[in-house]
Every structure is written in structure tokens, then in C-alpha cells.
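Here's the structure we're looking at; comments come further down.
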Amino acid sequence: MHAPTSLQGKTALVTGASAGIGAATARALSQLGARVVLVARRMERLQALAAECPAAEVCALDVRDAGAMQQTLAAWDFDIVVANAGLGLGMGPLQDGRPEDWDRMIDTNVKGVLHTLHATLPGLLARGAGDVVVLGSVAGRQVYPGGNVYNATKHAVRALYEALRLDAGGRGVRFTTVDPGMVETEFSIVRLGDAQAADQVYADMTPLRPEDVADAIAYAVTRPAHMNVGEIVLWPTDQASTRDVQRRS
Ligand SMILES: NC(=O)c1ccc[n+]([C@@H]2O[C@H](COP(=O)([O-])OP(=O)(O)OC[C@H]3O[C@@H](n4cnc5c(N)ncnc54)[C@H](OP(=O)(O)O)[C@@H]3O)[C@@H](O)[C@H]2O)c1
């Protein structure tokens, strides 16, 4: 068994750190000794999280804003970059979808990842070390009815992960995609627009918790330097596929 390496002296960027998987990941990396740089739009949430971490800095940034991302993130030399910010909006047939929702999903989930990496990857490559973790999804491996554009964005994240390995792999930087199934976070509230509908998504089954995903990310970034955990697919035991969920009622 490899003992986890300490993250003391490392600086980790986590986008989408104000909630869910991003907040849990920031806590986990901080507990392992990393200084964490927390990015999201809701500053109060970031400040509350930063107060829990021994070494944290906060940036109110929208990952869709290429210029602000480039300019602001230039202030740090990152060792770990977790491109996590993302969202789903709406659930239903493509022909009934709203183009403004499609724009937000594509701009956040795909272009937001690009802006995050464009601002940080040159530094990691120049230092010849570090970790890039992207949050994909099982939705990027299996489409499901009503998931169309969200599915497409997560398929794009998976393609970007593979492209990164080809373009930048073998130069000391490790690339990991973490692809979870159902995780109970604010994701479904954002997607469906109300808490009651979101509760139904997780009714009578046990979803993953954000801490479970953070644990997988922490595993990947604490392996010995020669070992790159490439793809982690993490399902709730109650979920057999994106279409099959075992409910107890
Ligand atoms: N929950 C699931 O079942 C699940 C499954 C597979 C994959 N994922 C993926 O995991 C990632 C995290 O989702 P989550 O479940 O933790 O959802 P969440 O609880 O809703 O958190 C989403 C985070 O993304 C941030 N964000 C959204 N738009 C942003 C923007 N334009 N600029 C900066 N930050 C932005 C939000 O912060 P602000 O609103 O403060 O900006 C929030 O911190 C997403 O990429 C999602 O697709 C989730």
C-alpha cells in the first residue's frame, strides 16, 4: 500500500468551491496540508469555507469570464487544479429546451474548463509537475432521456481529458477525470429550480455524498509521482446505470 503523500507546501485551485463537490474537495485538500484557492461567484460562501481552512484564499470569479480568469489566476503557481464548476439546467426533450440554458451549460461546463486550464496549465507544464483533475460525470459516458445538452457538455469534458493527455501528457503533469453518478448536492436544485423536485431525485435511494467524490480526488492527487490515476468512475451502489436506480419503494 502506498501511504498518501502530504500536500504540505502545495497550492490547489478548486473552481466551484462554494458548494457541493468543490467545497468538500477544498476541505479534503486543505486537511491534507494544501493551501487552497477557492473560486466561485458567491463570495460569502467562499469566505465561510476559507475560515475553516488553515490556508485559503478566495476569488469571486465566473469561470465563463476568460479575461478575469486569466488575469486573476496568474497570481499563483498551482500544483493542483480541480476544474469542478459546472451545472445542469433543465431536464426534458431537446425540442422543448431553452437556448439560453444551453448557452449557460456549454459556457460553464465546457468553456469554463477551457478557461481554467488555459490560465493554469502553462505554469504546471513549465514546472513539469502537478495534477489536473476535471469533473466529468457518468453523463459523459452514457446519455439518458432528457439529458441531451448536459450529456453533451460532459462528453466534451471527457474528450478534453483525453486531448489533454495527448497534448500535454508525459511532461510530468498528471491528468485525471473523476466521473460520478448521482451525488446529493445543490446540483438538482439548480437544475430543476426547486428543492422539492430535487428531493425526488434522491428519494428512497442512497446517493453519493460530496465527501465521497472529494475522497476519490484526494486519492488521485496523493499517489506517488510516477502513478497517474486517469479515470475514476464512481457510482452509488443503488445506481446501476444512468437509467437504472434501485429505489426502496
Ligand atoms: N451532483 C451530481 O450528481 C454530479 C454528478 C456528476 C458530476 N457532477 C459535476 O460535479 C461538478 C460540481 O457539481 P455539484 O454537484 O457540486 O453542484 P453544486 O452543489 O450546484 O455546485 C456547483 C458549483 O459550481 C459553481 N459554479 C456554477 N457556475 C459557475 C460559474 N459560472 N463560475 C464559477 N463557479 C460556478 C457554483 O458556485 P457559484 O454558484 O457560487 O458560482 C458551485 O460552487 C459539476 O461539474 C457537475 O456537473 C455532479
Side-chain angles (χ1 to χ4, degrees), residues 13-28 36-50 58-66 68-69 72-73 82-91 101 103-116 119 133-144 147 149-158 160-161 176-193 195 198-199 201-202 205-214 216-217 231-236 238-239 242 245:
L13 168 67
V14 182
T15 70
S18 63
I21 295 167
T25 300
R27 277 193 196 95
V36 286
V37 177
L38 311 175
V39 163
R41 293 163 302 175
R42 287 171 291 178
M43 189 56 156
E44 336 71 61
R45 295 267 202 118
L46 296 179
Q47 282 167 335
L49 176 57
V58 295
C59 287
L61 274 177
D62 189 323
V63 296
R64 293 171 295 180
D65 186 340
M69 291 285 285
T72 311
L73 298 181
V82 183
N84 162 77
L87 79 177
L89 291 170
M91 180 88 172
D101 289 346
D103 284 344
R104 269 185 70 194
M105 285 189 277
I106 292 165
D107 289 349
T108 308
N109 300 1
V110 183
K111 292 166 73 180
V113 171
L114 292 175
H115 300 323
T116 302
V133 180
V134 294
L135 258 292
S137 170
V138 295
R141 293 171 176 264
Q142 301 173 356
V143 294
Y144 50 84
V149 178
Y150 179 71
N151 288 151
T153 66
K154 290 300 179 180
H155 275 71
V157 171
R158 186 162 158 69
L160 288 174
Y161 156 76
T176 305
T177 181
V178 176
D179 298 354
M182 295 163 74
V183 191
E184 190 165 9
T185 62
E186 293 171 18
F187 180 84
S188 291
I189 302 175
V190 172
R191 184 175 209 174
L192 303 174
D199 284 347
V201 174
Y202 311 108
M205 56 86 64
T206 307
L208 295 169
R209 297 167 302 133
E211 291 75 17
D212 301 326
V213 184
I217 294 169
E231 303 177 25
I232 300 182
V233 184
L234 200 60
W235 295 95
D238 285 343
Q239 187 181 12
T242 54
V245 178

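These numbers come from the heavy atoms of this one structure, side chains and all, not from hydrogens, waters or symmetry mates. Atoms within each ligand, like the ligands themselves, are counted from 1 in listed order.
Here Tyr161 pairs with nothing under the ring-ring contact (aromatic ring centres under 6.0 Å, His included) rule; sequence neighbours left out.
For ligand 1, one of its N or O atoms has an N or O atom of Arg42 under 3.5 Å away. Any N or O atom pair closer than 3.5 Å counts here, and Ser137 shares no such pair with ligand 1.
Note that the CD1 atom of Ile189 and the CD atom of Glu184 stand 8.5 Å from one another [nearest 0.5 Å]. Note that CG of Leu234 is 9.5 Å distant from CD1 of Ile217, once rounded to the nearest 0.5 Å. Thr25 OG1 to Leu38 CG: the interatomic distance, rounded to the nearest 0.5 Å, is 11.0 Å.
Proximity to Glu186 (heavy-atom distance under 4.0 Å) selects the following atoms of ligand 1: 19 (O), 20 (O). The distance from ligand 1 to the heavy atoms of Ser18 drops below 4.0 Å at these ligand atoms: 36 (C), 37 (O), 38 (P), 40 (O), 42 (C), 43 (O). Counting atoms of ligand 1 from 1 in the listed order, those under 4.0 Å from a heavy atom of Arg64 are 31 (N). Applying the 4.0 Å criterion to heavy atoms of Gly181 picks out, from ligand 1, the atoms 3 (O), 5 (C), 6 (C). Of all atoms in ligand 1, listed by their number and element, those nearer than 4.0 Å to a heavy atom of Met182 are 3 (O).
Close placement of the Phe187 and Tyr150 rings is indicated, their centers lying within 6.0 Å of each other.
Nearest residue to atom 22 (C) of ligand 1 from Gly20, Gly22, Gly86 is Gly86 (criterion: closest heavy atom). Which of Val39, Asn84, Leu135 comes nearest to atom 45 (O) of ligand 1 through a heavy atom is settled by distance: it is Asn84.
At least one heavy atom of Gly136 lies less than 4.0 angstrom from ligand 1. Proximity of Thr108 to ligand 1 is established by a heavy-atom distance of less than 4.0 Å. Heavy atoms of Arg104 come nearer than 4.0 angstrom to ligand 1 in no pair at all.
Under the 4.5 Å side-chain criterion, counting only non-hydrogen atoms from C-beta, Arg209 is not in contact with Val183. At least one side-chain heavy atom of Ile21 sits less than 4.5 Å from a side-chain heavy atom of Thr185. Residues Val39 and Leu13 form a side-chain contact, since some pair of their non-hydrogen atoms from C-beta on lies under 4.5 Å apart.
Closest to atom 25 (C) of ligand 1, if we only count protein heavy atoms, is Gly16 CA, 3.5 Å. Nearest protein heavy-atom neighbour of atom 34 (N) of ligand 1: Ala85 CB, 3.6 Å. Looking only at protein heavy atoms, the nearest one to atom 15 (O) of ligand 1 is Thr185 OG1, 2.6 Å. Arg41 NH2, 3.5 Å is the protein heavy atom nearest to atom 27 (C) of ligand 1. Of all protein heavy atoms, the one closest to atom 3 (O) of ligand 1 is Val183 N, 2.9 Å. Looking from atom 10 (O) of ligand 1 to the surrounding protein, the closest heavy atom is Ile21 CD1, 3.5 Å. Looking at atom 33 (C) of ligand 1, its nearest protein heavy atom turns out to be Leu61 O, 3.4 Å. With hydrogens left out, the protein atom closest to atom 6 (C) of ligand 1 is Pro180 O, 3.2 Å, a heavy atom.
A donor-acceptor contact shorter than 3.5 Å links the side chain of Asn109 to the backbone of Leu87. Asp179 places no side-chain N or O within donor-acceptor distance of the main-chain N or O of Val138, the cut-off being under 3.5 Å. Proximity of a side-chain donor or acceptor of Asp238 to a complementary backbone N or O of Met205 within less than 3.5 Å is not detected. Asp107 places no side-chain N or O within donor-acceptor distance of the main-chain N or O of Arg104, the cut-off being under 3.5 Å.
Taking each heavy atom of Gly136 and Pro180 in turn, the nearest pair found is O-CD, 3.8 Å. Residues Met182 and Val245 come closest through the heavy atom pair SD-CG2, 3.7 Å.
Both the backbone and the side chain of Val63 come within 4.0 Å of ligand 1, judged by heavy-atom distances. Contacts between Tyr150 and ligand 1 below 4.0 angstrom, taking non-hydrogen atoms only, involve the side chain exclusively. Under 4.0 angstrom from ligand 1, the non-hydrogen atoms of Lys154 all belong to its side chain.
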